Participant: 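Here it is: the structure, laid out below.
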Number of protein chains: 2
Amino acid sequence: MAICLTADIVVFTFTDAVLKVLLVRRKKPPHQGRMALPGGFVSEKEPLEKAALRELKEETGLRLGAAEQLGSFGDPRRDPRGRIVSVAHLALVAAAPAPRAGSNASQAAWLPVKRLPPLAFDHKHIISSALERLRDKLDYSTAGFQLLSQKFSLPELETLYETVLDRKLDKRNFRKKMALLGILKPLNEWRRTGRKPARLYRFMPKKFEKLKEEGILFPF
Amino acid sequence: MAICLTADIVVFTFTDAVLKVLLVRRKKPPHQGRMALPGGFVSEKEPLEKAALRELKEETGLRLGAAEQLGSFGDPRRDPRGRIVSVAHLALVAAAPAPRAGSNASQAAWLPVKRLPPLAFDHKHIISSALERLRDKLDYSTAGFQLLSQKFSLPELETLYETVLDRKLDKRNFRKKMALLGILKPLNEWRRTGRKPARLYRFMPKKFEKLKEEGILFPF
DNA sequence: ACAAAAGTGTTCGATATACACCCATGT
DNA sequence: ACATGGGTGTATATCGAACACTTTTGT
């Protein structure tokens with residue numbers, strides 16, 4: 001069985017009103033010099049998720065505690081070296097710490113999902129799957145809040161939703177629903193970018209847990 | 001890299017008002033004599049889905065055209081032989097042809113999902129994932145109809161939904177919604193099991209496609 | 001003063017849910 | 001005749017969608 005297993009990871013964040021994915025520049029062939037998802041070979045006794053997180057840390061310096069499995073990509077010709085099946089993972093991060101390059105990567109960077117350069121292997125395809133999954137998660141999870149820093153304004157949150165769902169939302173309806181859910185704590189701080197300052201909020205995970213137990217979902 | 005890849009498949013059907021999964025009895029260790037999902041090692045140049053379908057045919061005689069990937073199960077200790085990662089698949093079938101035993105399997109049978117015997121490996125866990133996926137699919141796909149034979153009665157369809165969703169539905173509301181969708185063609189045939197005969201219907205895939213294009217979902 | 005983005009309520013239509021009785025058949 | 005499961009309609013509550021103007025700031 002000359003089949004090898006890699007674990008790759010798609011890490012999204014949302015900064016400057018743009019959804020970004022964490023990529024590294026490949027040091028070695030194949031696809032040397034191209035941008036690619038962080039990832040690498042799974043070691044023999046290592047759980048798949050751990051392998052993805054380990055590679056992420058090695059290649060970008062970003063240390064995360066968990067990732068969710070996206071699925072496996074096993075087209076026999078996806079890697080020119082031979083049969084290499086990739087188990088793709090997904091993670092969302094709030095603040096986007098400046099990535100540092102690591103082993104096997106000569107560069108690590110957050111790139112806007114909308115304007116990606118040509119990527120190695122089928123990584124563009126994997127990112128598409130990840131985006132689709134993110135869209136789904138927006139409806140029933142805290143995905144949206146995980147992508148923003150702890151303090152955020154409602155226009156920021158709305159832009160995030162509009163970006164990921166790829167459609168314009170109604171400002172008033174959006175705010176009404178958020179208010180109704182009661183999972184946002186208004187702060188006495190304002191963000192003074194643009195013209196009129198926007199009030200900042202904090203997400204309240206505990207309230208959200210309560211809602212989930214009651215089976216209430218996000219209405220988008 | 002001494003990691004091996006298997007492709008396993010969960011095939012569901014719904015007969016006699018019961019949801020069933022297709023299992024085979026293992027001829028060889030490990031877990032010799034236990035029931036397990038159809039599946040086996042992926043060959044070097046074989047797509048994952050094809051591997052699952054090939055193993056299904058070899059072990060049960062059931063020949064299917066497609067399966068959807070469920071995810072990969074890679075706990076390092078899931079297989080006593082060593083590191084073997086399984087890519088699990090899901091398929092739904094209408095009629096349930098009598099399975100025949102094949103290579104590596106001394107028996108193949110449809111077993112009720114609610115009352116499974118002890119299974120090999122983590123296959124019970126895989127079946128749980130498959131069930132969850134099926135529940136999700138019921139809402140936005142033709143999954144329900146794929147599990148029944150071409151002609152079916154509304155009570156049968158309702159029982160199927162109740163079984164998979166694991167809750168009682170209101171007869172009148174259920175029928176109203178189905179009628180509203182307009183994807184069922186009433187036939188001039190009646191099923192005379194039980195007491196009063198139940199009218200039979202046929203699912204109209206074309207109407208369903210039209211609904212999907214309009215973005216209309218199933219309301220359960 | 002003006003441009004640009006933040007903030008705010010109401011109305012309406014659609015849809016999910018709750019609910020009770022009659023009907024056709026087999027025994 | 002009766003037991004069993006098939007079949008039918010209405011009323012109410014909830015939720016999502018549509019929609020326009022005022023406010024605050026920077027230039």
Side-chain angles (χ1 to χ4, degrees), chain A residues 16-18 135-136 138-140 144 148 151-163 165-202 211-212 214-220, chain B residues 14 16-18 135 138-140 144 148 151-163 165-202 211-212 214-220:
Chain A
D16 307 318
V18 174
R135 235 191 307 277
D136 293 345
L138 224 46
D139 274 2
Y140 59 85
L148 288 170
K151 299 173 181 180
F152 52 87
S153 69
L154 283 177
E156 281 167 3
L157 185 61
E158 189 186 337
T159 304
L160 188 165
Y161 270 81
E162 290 176 342
T163 301
L165 298 177
D166 200 26
R167 64 191 164 96
K168 188 96 187 92
L169 297 178
D170 182 276
K171 216 190 332 185
R172 286 164 290 185
N173 291 337
F174 182 82
R175 298 166 95 100
K176 196 191 329 163
K177 287 170 200 167
M178 279 297 165
L180 202 66
L181 287 169
I183 53 180
L184 296 186
K185 184 195 207 85
L187 306 175
N188 281 326
E189 300 177 56
W190 280 262
R191 176 150 301 162
R192 49 204 159 285
T193 177
R195 305 299 178 166
K196 179 173 173 179
R199 182 165 209 154
L200 295 182
Y201 293 79
R202 213 164 48 72
L211 283 183
K212 256 205 323 201
E214 293 164 20
I216 294 169
L217 292 186
F218 278 44
F220 297 101
Chain B
F14 191 79
D16 307 318
V18 174
R135 235 190 306 278
L138 223 47
D139 275 1
Y140 59 86
L148 288 170
K151 299 172 182 180
F152 52 86
S153 68
L154 284 176
E156 280 166 4
L157 185 61
E158 190 187 336
T159 305
L160 163 57
Y161 270 81
E162 290 176 342
T163 302
L165 297 177
D166 201 26
R167 63 190 164 99
K168 188 95 187 94
L169 298 177
D170 183 276
K171 216 189 333 183
R172 287 163 290 186
N173 293 336
F174 181 82
R175 300 167 94 101
K176 197 190 328 163
K177 287 171 200 166
M178 279 297 163
L180 204 65
L181 288 169
I183 53 178
L184 297 184
K185 184 197 207 82
L187 305 174
N188 280 326
E189 298 176 58
W190 281 262
R191 176 149 300 161
R192 49 204 160 286
T193 176
R195 305 298 179 167
K196 178 172 176 180
R199 181 164 209 155
L200 295 182
Y201 294 78
R202 213 163 47 71
L211 283 182
K212 255 205 323 200
E214 294 164 19
I216 295 168
L217 292 186
F218 276 45
F220 295 101

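The chains referred to below are lettered A, B, ... by the order of the sequence lines, with proteins before strands, and numbering in each begins at 1. On a predicted model such as this, the values are computed, not experimentally measured, just so you know. Computed from heavy atoms alone, side chains included, the values below leave out hydrogens, waters and symmetry copies.
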Participant: Heavy atoms only, 4.0 Å cut-off, all strands: where does B:Arg199 land among base, sugar-phosphate and nothing?
Facilitator: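 If one applies the 4.0 Å heavy-atom cut-off, B:Arg199 turns out to touch the sugar-phosphate alone, with no base involved.
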
Participant: Please give, in whole Å, the distance from D:dC19 C1' to A:Leu169 CG?
Facilitator: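 In whole Å, D:dC19 C1' and A:Leu169 CG are 15 Å from each other.
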
Participant: Phosphate oxygens OP1/OP2 of C:dA3: is one of them under 4.0 Å from a side-chain N or O of A:Lys196?
Facilitator: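 For A:Lys196, the contact criterion (side-chain N or O under 4.0 Å from OP1 or OP2 of C:dA3) is not met.
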
Participant: Nearest whole Å is fine: how far is C:dA5 C1' from A:Leu200 CG?
Facilitator: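 Result: 15 Å.
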
Participant: Between the side-chain atoms of B:Lys176 and the base atoms of C:dT17, is any donor-acceptor pair under 3.5 Å?
Facilitator: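 Side chain to base: pair found, below 3.5 Å.
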
Participant: Calculate the interatomic distance between B:Asn173 atom CG and D:dT10 atom P; express it in whole Å.
Facilitator: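 Going from CG in B:Asn173 over to P in D:dT10 covers 14 Å.
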
Participant: Can you measure B:Asp170 atom CG to C:dC21 atom P for me and round it to whole angstrom units?
Facilitator: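 So the CG-P distance, B:Asp170 to C:dC21, works out to 15 Å.
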
Participant: How many Å lie between CZ on A:Phe174 and C1' on D:dC15, as a whole number?
Facilitator: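 The distance from CZ of A:Phe174 to C1' of D:dC15 comes to 17 Å, rounded to the nearest Å.
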
Participant: Does the side chain of A:Pro155 reach to within under 4.5 Å of the side chain of A:Arg175, using non-hydrogen atoms?
Facilitator: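 With C-beta onward as the side chain, the pair touches.
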
Participant: When the nearest nucleotide of DNA chain C is assigned to B:Leu180 and to B:Lys171 on a heavy-atom basis, which residue is associated with the more 5' position?
Facilitator: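 The residue mapped nearer the 5' terminus is B:Leu180.
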
Participant: When the nearest nucleotide of DNA chain D is assigned to A:Pro197 and to B:Arg172 on a heavy-atom basis, which residue is associated with the more 5' position?
Facilitator: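 Counting from the 5' end, the first nearest nucleotide belongs to B:Arg172.
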
Participant: Does some side-chain heavy atom of B:Asn188 sit less than 4.5 Å from a side-chain heavy atom of B:Trp190?
Facilitator: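 Heavy-atom side-chain distance check passes, below 4.5 Å.
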
Participant: Report yes if the side chains of A:Arg199 and A:Leu187 come closer than 4.5 Å at any heavy-atom pair, otherwise no.
Facilitator: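 No, every pair of side-chain atoms sits at 4.5 Å or beyond.
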
Participant: Could you give the CD-to-C1' distance, from B:Glu162 to D:dG6, as a whole number of Å?
Facilitator: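 In whole Å, D:dG6 C1' and B:Glu162 CD are 14 Å from each other.
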
Participant: Please list, chain by chain and in numerical order, all residues satisfying salt bridge (charged side-chain N to carboxylate O under 4.0 Å, His left out) with A:Glu156, sequence neighbours excluded.
Facilitator: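 Salt bridge (charged side-chain N to carboxylate O under 4.0 Å, His left out) check on A:Glu156 returns A:Arg191.
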
Participant: Whole Å only: how far is the CG atom of B:Leu184 from the P atom of D:dG7?
Facilitator: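 Going from CG in B:Leu184 over to P in D:dG7 covers 12 Å.
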
Participant: Please report the interatomic distance CG(A:Leu184) to CZ(A:Phe152), rounded to the nearest 0.5 Å.
Facilitator: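 Nearest 0.5 Å value for the CG-CZ distance: 5.0 Å.
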
Participant: Nearest whole Å is fine: how far is C:dT8 P from A:Glu158 CD?
Facilitator: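 From A:Glu158 CD to C:dT8 P: 13 Å.
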
Participant: Would you say D:dG7 has OP1 or OP2 under 4.0 Å from some side-chain N or O of B:Arg175?
Facilitator: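 So the side chain of B:Arg175 is within the cut-off, an N or O lying under 4.0 Å from OP1 or OP2 of D:dG7.
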
Participant: Nearest-nucleotide wise, let me know which of A:Arg195 and B:Leu154 is further upstream toward the 5' end of DNA chain D.
Facilitator: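 Mapping each residue to its closest nucleotide by heavy atoms, the 5'-most match is B:Leu154.
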
